[in-house]
Amino acid sequence: MDERYDPKKIEGKWQTHWDATGLFKVKEDLSKEKFFLMEMFPYPSGKIHMGHVRNYSIGDVVARYKRMCGFNVLHPMGWDAFGMPAENAAIQNNTHPAKWTYENIAAMGAQLKAMGFSYDWDREIATCRPEYYRWEQWLFVKMFEKGMVYRKDASVNWCETCQTVLANEQVEQNMCWRCGEEVEQKKLEQWFFKITDYAEDLLDHCERLPGWPEKVVTMQKNWIGKSHGAEILFPVAGSDIKIKVFTTRPDTLCGATFMCLAPEHPLVELLCKGTPREAEVMEFVARMAKQEKAKRTSEDYEKEGVRVGAQCINPLTGKTMEIFTANFALMDYGTGAVMSVPTHDQRDFEFARKYGLDMIVVIQPEGQTLSPETMAEAYVEEGVLVNSGQFDGMPNRDAMEAIAQYLDENNLGKKTVQYRIRDWGISRQRYWGAPIPMIHCPTCGIVPVPEDQLPVILPEDAHLLEGGKSPLSSLEEFAKTTCPKCGNENARRETDTMDTFVESSWYPERYCSPHCDTAMFDVEAVKYWMPVDQYIGGVEHAVMHLLYSRYFTRVLNDFGLVDFKEPFTRLLTQGMVCKETLKCPEHGWLFPQEAEGAGDERTCTKCGKPVEAGRVEKMSKSKKNVIDPAELLERYGADTVRLFCLFAAPPERDLDWSEEGVEGSFRFLQRVWRMFAMHFDAISGTAAYTGSPDALEGYLKDLYKKTHQTIKKVTHDIDGRFHFNTAISAIMELVNMVYGLDDNLEDKKRAGVLRAAIEAIVLLVSPVAPHFSEELWSLFGNENNVLETSWPTYREDALKADEVVIVLQVNGKLRSKLTVDVGTGDEEVKQMALADEKVQKFIGEKTIRKVIVVKNKLVNVVV
RNA sequence: GCCCGGGUGGCGGAAUAGGUAGACGCAAGGGACUUAAAAUCCCUCGGUGCUAGCACUGUACGAGUUCGAUUCUCGUCCCGGGCACCA
């Protein structure tokens, strides 16, 4: 064998071999226990980045480990292939989104193969292919027929730069999540999925996701945002109109002294119409429509409102309340109307002070008397009701229930719950997405495309328009159609496409039978494989993608297509890949090669100014701190890159990139290779020793035990815990021990024990460095692949040590150590401890008050 | 503001039913091999003090529980993330 480990000589060879023998292909096999492992599929942006490498390296370790443990492992990969970057790139490079996308898929697929990931590539999917989105359209029609999809004219988030509508989740700090442009409001006819119908179920099952990180579950719960309260009707003075409000504090009802309506509330216009206030109110409404969302996020946000010129009646006290329209009242939460209780709500308090409105205290804290004149802020704590008629004296917690019940009995309101989550707006005014399979007929209205006419294929000959606007509406060959119901020839297709989160909401199911052309998926295959046993991806998808997937699974469940509700049993969210940044006071972010010198002394090559070593931050092009996996692959090979990604940090934590660390990982593989080569002749003709440790002695006995202890540790670290860094550490320790081999060539069992240790090392490291292990494994003369070999097992009798070190403490401080046989009696150990010279010294003249003995661990003498 | 995480050597990180703090790796220093270098192998490596073997001290900071606390409790500070006019 070669003296040196050269990844170039072995990685390509084994990749070809694995591919040719179909090693990674799987099919349903009822005789085996299944394990469905998925990593989040990538957007085909051009080439893979370190985030992908880390994510997929983690996944591949689990896949290979589970496979060796005897599981039938489904480990697929695909492409989240629709989306805006393709359009942007197409406009920029004068190409077509499809061409750009398919080329990227080919390039990135080759890179993933070069990483040696064990995907069943026969199951590869790309969401932009009609074979895929066809079934999404099919489901859309089914959902439409069942009333799970609807269309409404809605005020939506509009990004002028991207010329498209954004979902609430795609708006961050009122900026577009992709381009950073400020988001405006625009009214458009939109398609919505009724995800709110499932709000309660989605929330409820949050408690039943024990395999998910708590953080993600919490974020989902916050997003759904359930609050308990009551709906209350307030009659408008001198009219039949009643204003419905939602409140979480029905106990404060008697303190409600005014009412605030959202500017978009239909009653605002109705109530002010024909009054002297009309002009001012409508001016306010128009102003709010323009700036409301932008104002919401500004720091120096000011509560403001105008009187609409009408009053309503507090249903409990009969008092007249002024009606306002105010900027902080939101039309899309609750009922768009707020009963304002200035004494017990800080926002209402400020509003009332500003406009000089009445305040009535209705909750009195124990041992204190609040009065509206002297209050500096709203009282929001617990207390007892006052000024509330029949409810006076009642603790406010009880009053919530009592008042709600009273309202219900008198038809004035009812107990209810509200959710923060809104229906999922899926319409996108974009080209590169799945067409919404609907037809607008002048006579029949909205008509779904019949099943036998699906898929509605996205025309690939469309010319993209400057500014990113969708060309579909102006593409007559596409838009013009006949109504499938009445044959009207002036019907037009829906030209909006679907949010790309729709595609990723059901791709696990598709992986189970990716070539099924008679249905969304083969129900039996899904029954076998689903749900996904382990899903791995970035925490940035904690809300949107994961929530939508959970929702879609429920929809499929309602259609009887799947028999489960939760798609992902276990979830691992891995941390980001970060690297040091460099900043020049004049030239901003610098590439590493733009700085000269070392450490804190570096200077900018352009201006000579001292370079500030910035913080370690997530790799990004703009900060010029990215590492291209392709270069690493070329220099070190896939196994080293994989090893470093797994060794440098536990998966859920951020990983700090270190060039020296990669170098160290490479050195480790080199070291193992050398160890193997060094002992190869001595052990190649021998079988690994598998007997009892008691038949061995000295170093060989220790090495044998260390081997089995390592197998146990690595197994436990990988299985469920995912602490690959400590697993690798353990293997390194074993390797170090083999290096410390004392050359007692006389011992006949030497070769066998050595072989046992080295075989274990090769197998244990194989999920991390598969090509490397495969090569060494084959040098042993094995015919089968490592992946077809069983994961090593350990002997219980080889785990326990013969002797243990007992820590001797005096008053809790370490003073000495003692080596005794395992299982030495407490009393004997205690006597040995007391007789210890150093212990004696620290006891000195003092009296022994107590001696604590912990078996096989320590003795603590208290004086 | 509210809700979650997290603060351990020069660095990445180990160790928690409370029981030797710093595994493993990186960086650094020393030695061996070599004509030399690279590569490799071995050793040292939290801080302070000296009589060089010890002693003291040390897991963000301050208290507490305990024979014993990185681990449990309370308070403070800092960092990261999520939510935030949600009625």
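Order of the sequence lines fixes the chain letters, A, B, ..., with proteins taken first and strands second; residue numbering starts at 1 for each chain. Because only heavy atoms are used, hydrogens play no part in the values below, and waters and symmetry mates are left out as well, while side chains stay in.
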Trainee: Applying a 4.0 Å non-hydrogen cut-off, can you work out what A:Val338 is touching in the nucleic acid: base, sugar-phosphate, or nothing?
Mentor: base
Trainee: If you measure from the P atom in B:G64 to the same atom in B:G9, how many Å do you get, rounded?
Mentor: 24 Å
Trainee: Taking only N and O in the side chain of A:Arg347, is any of them less than 4.0 Å away from OP1 or OP2 of B:C86?
Mentor: yes
Trainee: Quick one: list whatever passes ring-ring contact (aromatic ring centres under 6.0 Å, His included) with A:His541, sequence neighbours left out.
Mentor: A:His545
Trainee: For B:C77 versus B:C42, give the span between their C1' atoms, rounded off to a whole number of Å.
Mentor: 45 Å
Trainee: Could you state the CG-C1' distance from A:Leu253 to B:A87, rounded to the nearest angstrom?
Mentor: 13 Å
Trainee: Return the value, rounded to whole Å, for the distance between atom CD of A:Glu652 and atom P of B:G12.
Mentor: 16 Å
Trainee: Counting the atoms with a prime plus P, OP1 and OP2 as sugar-phosphate, which does A:Lys817 contact under 4.0 Å by heavy atoms, base, sugar-phosphate, or nothing?
Mentor: base
Trainee: Hey, is A:Arg249 close enough to A:Asp345 for a salt bridge, meaning N to O under 4.0 Å?
Mentor: no
Trainee: Within this structure, what is the NZ-to-C1' distance between A:Lys855 and B:G18, rounded to whole angstrom?
Mentor: 20 Å
Trainee: So, does A:Arg420 get its side chain near the phosphate of B:A84, meaning an N or O under 4.0 Å from OP1 or OP2?
Mentor: yes
Trainee: Is A:Asn222 near enough to B:C3 that one of its side-chain N or O atoms lies under 4.0 angstrom from OP1 or OP2?
Mentor: no
Trainee: With rounding to whole Å, what would you report as the distance between B:C79 and B:A55 at their C1' atoms?
Mentor: 36 Å
Trainee: Do A:Tyr5 and A:Phe666 come within less than 4.5 Å of each other through their side chains, counting heavy atoms only?
Mentor: yes
Trainee: Nearest whole Å is fine: how far is B:G13 P from A:Leu646 CG?
Mentor: 14 Å
Trainee: Using only side-chain N and O atoms of A:Arg667, determine if any of them is under 4.0 Å from OP1 or OP2 of B:A39.
Mentor: no
Trainee: Just call it for A:Asp348: base, sugar-phosphate, or nothing, with non-hydrogen atoms closer than 4.0 Å on any strand.
Mentor: nothing
Trainee: Give the ring-plane orientation class for A:Tyr548 versus A:Trp424, where under 30° counts as parallel, over 60° as perpendicular and anything between as tilted.
Mentor: parallel
Trainee: Specify the closest pair of heavy atoms between A:Ser227 and A:Tyr333, including all atoms of both residues, with the distance to one decimal.
Mentor: OG-OH, 2.9 Å
Trainee: Where does B:G9 land, syn or anti, given syn is within 90° of 0?
Mentor: syn
Trainee: Within the pair A:Lys221 and B:G82, is there a side-chain N or O less than 4.0 Å away from OP1 or OP2?
Mentor: no
Trainee: State, with a plain yes or no, whether a side-chain heavy atom of A:Lys813 is found less than 4.5 Å away from one of A:Phe842.
Mentor: no
Trainee: Can you tell me if the side-chain N/O atoms of A:Arg721 get under 4.0 Å from OP1 or OP2 in B:A14?
Mentor: no
Trainee: Describe the nucleic acid contact of A:Ser227 in one word from base, sugar-phosphate, nothing, applying a heavy-atom distance below 4.0 Å.
Mentor: sugar-phosphate
Trainee: Show your reasoning for whether salt bridge (charged side-chain N to carboxylate O under 4.0 Å, His left out) applies to A:Lys354 and A:Glu304.
Mentor: CA-CA 9 Å; A:Lys354 181 171 177 179; A:Glu304 59 173 323; 5.5 Å; no
Trainee: Just wondering, do A:Ile232 and A:Met339 contact through their side chains at under 4.5 Å, heavy atoms?
Mentor: yes
Trainee: Over how many whole Å does the gap from A:Leu330 atom CG to B:C86 atom P extend?
Mentor: 8 Å
Trainee: If only side-chain N and O atoms of A:Asn736 are considered, is one of them under 4.0 Å from the OP1 or OP2 phosphate oxygen of B:G25?
Mentor: yes
Trainee: Using whole Å, what does the distance between atom P of nucleotide B:U20 and atom CD1 of A:Ile806 come to?
Mentor: 12 Å
Trainee: Tell me whether the OP1 or OP2 atom of B:G25 has a side-chain N or O from A:Arg671 closer than 4.0 Å.
Mentor: no
Trainee: State, to 0.1 Å, how close A:Gln574 and A:Gly538 come at their nearest heavy-atom pair, and which atoms those are.
Mentor: OE1-N, 3.6 Å
Trainee: Contact class for A:Arg849 vs. all strands (heavy atom < 4.0 Å): base, sugar-phosphate, or nothing?
Mentor: nothing
Trainee: Between A:Arg815 and A:Ser729, which is nearer to the 5' end of RNA chain B once each is assigned its nearest nucleotide?
Mentor: A:Ser729
Trainee: Provide the distance between the two P atoms, one in B:G5 and one in B:C72, to the nearest whole Å.
Mentor: 12 Å
Trainee: Any base atoms under 4.0 Å from A:Tyr419, or only sugar-phosphate, or nothing? Heavy atoms, all strands.
Mentor: nothing
Trainee: Checking all strands, does A:Glu660 fall into the base, sugar-phosphate, or nothing category for heavy-atom contacts under 4.0 angstrom?
Mentor: sugar-phosphate
Trainee: Can A:Asp717 and A:Lys713 be counted as an ion pair, charged N to O under 4.0 angstrom?
Mentor: yes
Trainee: With a 4.0 Å cut-off on heavy atoms, is A:Asn860 in touch with a base, just the backbone sugar-phosphate, or nothing at all?
Mentor: base
Trainee: What's A:Asp654 touching, base or sugar-phosphate or nothing? Going by heavy atoms closer than 4.0 Å.
Mentor: sugar-phosphate
Trainee: If the P atom of B:G7 is compared with that of B:C33, how far apart are they to the nearest Å?
Mentor: 46 Å
Trainee: With pairs defined as Watson-Crick or G-U wobble and both distances under 3.5 angstrom, please note down RNA chain B as a dot-bracket string, | for pairing with another strand.
Mentor: (((((((..(((......[....))).(((((.......))))).(((((..)))))..(((((..]....))))))))))))....
Trainee: Measure CE/A:Met219 against C1'/B:C4 and give the value in whole Å, please.
Mentor: 10 Å
Trainee: Between B:G10 and B:G49, how far is it from one P atom to the other, in whole Å?
Mentor: 15 Å
Trainee: Suppose you measure atom P in B:C43 against the same atom in B:A21; what distance do you get, rounded to whole Å?
Mentor: 23 Å
Trainee: P atom, B:A38 versus B:A27: distance in rounded Å?
Mentor: 14 Å
